[in-house]
Amino acid sequence: MLLPQLTMSHLSNTTSEFPIFLLTGFPGLEAFHIWLSIPFFLLSTVAVLGNSMILLVVILEPSLHEPMYYFLFMLSTTDLGLTLSTMPMTLGVLWFNAREITLDACIVQLFFLHSSGFMESSVLMAMSFDRFVAICRPLRYATILTDSRILKIGVAIVLRMLISLCPSLFLIKRLSFCKVNVLSHSYCFHPDVLKVACSDSRMNSYGGLAVLILVTGLDTPCIVLSYILIIRSILSIASSEGRNKAFSTCGSHIGAVAVFYIPWIVLSVVHRFFHKAPPFVHPLLSNLHFLGPPVLNPIIYSMKTKQIRRAILKLFQAKLREF
């Protein structure tokens with residue numbers, strides 16, 4: 001009996017040059033995976049169709065070729081990235097129990113997932129600057145937010161993401177892993193990968209923390225500061241009609257900020273303080289955290305922005321005439 005035990009112990013501690021990771025669905029709810037896949041599939045379909053529609057109308061409708069809608073175009077692009085980087089894997093686990101993923105495929109998925117999240121935060125910060133200029137400096141809006149400047153902002157967002165994220169992902173390649181590594185989500189997640197490493201991953205953890213502080217530690221205060229200045233400017237408007245109109249121009253962006261940051265805060269609180277929660281709670285909340293903004297942002301902007309609604313109706317009417 002001793003020999004098999006030693007063999008199993010040796011295998012479990014043996015590292016592999018080509019490690020395989022096992023994705024996890026929702027522990028304890030395996031019998032309901034097919035049923036859970038239905039709302040996830042419907043929500044991901046809504047996210048893909050909604051954001052694709054926003055991208056299409058911004059491209060095709062000349063009246064939407066303005067700074068606010070260029071930033072909305074960037075937001076919808078990042079939302080598509082969030083959906084497409086997580087939902088195919090989640091649905092694969094729920095539908096086919098397709099749990100295995102290689103290290104290289106995991107790193108590619110990590111790149112698209114975290115790059116989309118980082119860029120979404122950056123775009124929301126840029127949109128708060130757009131709203132600040134529109135309300136606090138309306139006469140200089142066209143001269144400050146020119147097409148070339150918006151292009152530079154977009155390039156800066158991408159470069160910032162690459163400089164922040166790529167070193168952390170390259171550091172994963174230097175880690176060694178056991179032959180079987182069980183992750184706690186239905187997709188690769190950076191902290192999950194570090195937990196199953198057989199070698200010292202402290203450098204990776206410090207790098208990930210530095211990136212998190214660099215992104216959220218800069219973006220969130222800038223968004224808050226923008227709205228403090230916006231609110232102060234709005235309150236100085238004499239007429240109530242003018243104040244309401246100014247507030248309404250910020251409604252969509254405030255909604256987008258809320259659906260991005262509130263689930264992230266809730267998820268952080270649950271991870272830190274609710275260790276005894278059922279095992280399916282953490283992966284379920286994580287999936288909803290990454291799926292919420294892509295689903296809700298197109299709905300928010302379609303409901304709160306007349307120009308978007310008109311452009312969508314115009315597009316549908318044009319298609320109906322073709323038939």
Side-chain angles (χ1 to χ4, degrees), residues 67-68 70-79 81-82 85-86 110 112-137 144-145 150 152-168 189-191 205-235 246-247 249-273 282 285-286 288-297 300-301 304:
M68 174 182 173
Y70 292 147
F71 289 125
L72 179 58
F73 184 92
M74 297 179 196
L75 185 67
S76 291
T77 302
T78 60
D79 281 338
L82 282 175
S85 61
T86 57
L110 281 171
F112 285 104
L113 170 61
H114 292 293
S115 64
S116 298
F118 291 161
M119 285 198 296
E120 177 133 357
S121 178
S122 301
V123 171
L124 289 173
M125 178 178 66
M127 294 176 84
S128 70
F129 175 69
D130 169 75
R131 292 299 84 202
F132 164 76
V133 176
I135 292 173
C136 301
R137 303 288 187 274
I144 293 176
L145 288 172
I150 292 171
K152 290 175 183 177
I153 291 173
V155 171
I157 288 172
V158 174
L159 290 177
R160 178 194 184 212
M161 176 275 296
L162 292 173
I163 293 170
S164 301
L165 185 60
C166 287
S168 297
F189 193 51
H190 188 254
S205 298
Y206 295 148
L209 180 62
V211 171
L212 185 64
I213 293 173
L214 175 65
V215 175
T216 59
L218 175 64
D219 296 355
T220 307
C222 286
I223 292 172
V224 171
L225 177 61
S226 295
Y227 272 96
I228 290 174
L229 297 174
I230 287 170
I231 291 171
R232 189 178 70 175
S233 180
I234 290 174
L235 293 178
F247 269 122
T249 64
C250 300
S252 300
H253 180 251
I254 292 173
V257 171
V259 300
F260 181 77
Y261 283 105
I262 290 177
W264 178 73
I265 294 170
V266 171
L267 183 62
S268 300
V269 170
V270 170
H271 272 300
R272 180 170 295 274
F273 298 108
H282 296 284
L285 287 177
S286 294
L288 293 176
H289 163 57
F290 288 115
L291 190 56
V295 171
L296 294 176
N297 283 339
I300 291 171
Y301 274 92
K304 298 288 290 182

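Between L124 and I223, the closest side-chain pair of non-hydrogen atoms falls below 4.5 Å. With contacts defined as side-chain heavy-atom distances shorter than 4.5 Å, the pair T86/H289 does not qualify. Within the 4.5 Å cutoff, the side chain of I254 has no heavy atoms near those of the F247 side chain. Here the side chains of E120 and P293 are in contact, with some heavy-atom distance below 4.5 Å. Put simply, the side chain of S116 does not reach to within 4.5 Å of the side chain of F290, judged on heavy atoms. Two residues are said to be in side-chain contact when any heavy atoms from C-beta on lie closer than 4.5 Å; S76 and N297 fail this criterion. The shortest side-chain heavy-atom distance between D79 and L82 falls under the 4.5 Å cut-off.
Note: I234 CD1 to C250 SG = 5.0 Å, rounded to the nearest 0.5 Å. Summarising the geometry, atom SG belonging to C136 is positioned 6.0 Å from atom CG belonging to L229; distances are rounded to the nearest 0.5 Å. Rounding to the nearest 0.5 Å places OG1 of T220 at 12.5 Å from CG of L225.
Listed for the S122 side chain is a donor-acceptor partner under 3.5 Å among the backbone atoms of F118. Side-chain atoms of T78 come within 3.5 Å of backbone N or O of L75 as a donor-acceptor pair. A donor-acceptor pair under 3.5 Å is formed between the side chain of S226 and the backbone N or O of C222.
Not counting sequence neighbours, I163 has no partner by the side-chain contact (heavy atoms from CB on, under 4.5 Å) test. For S168, the side-chain contact (heavy atoms from CB on, under 4.5 Å) partners at least two apart in sequence or on another chain are H190, V211.
Closest heavy-atom contact between P67 and L145: CG-O, 3.5 Å. Between A258 and P263 the shortest heavy-atom distance is O-CD, 3.5 Å. Nearest heavy atoms, A246 versus T249: O-OG1, 2.6 Å.
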Distance-only check: which donor-acceptor pairs under 3.5 Å involve side-chain atoms of residues 128-135, not counting sequence neighbours?
unit_1	atom_1	unit_2	atom_2	d
S128	OG	M125	O	2.5
D130	OD1	Y141	OH	2.5

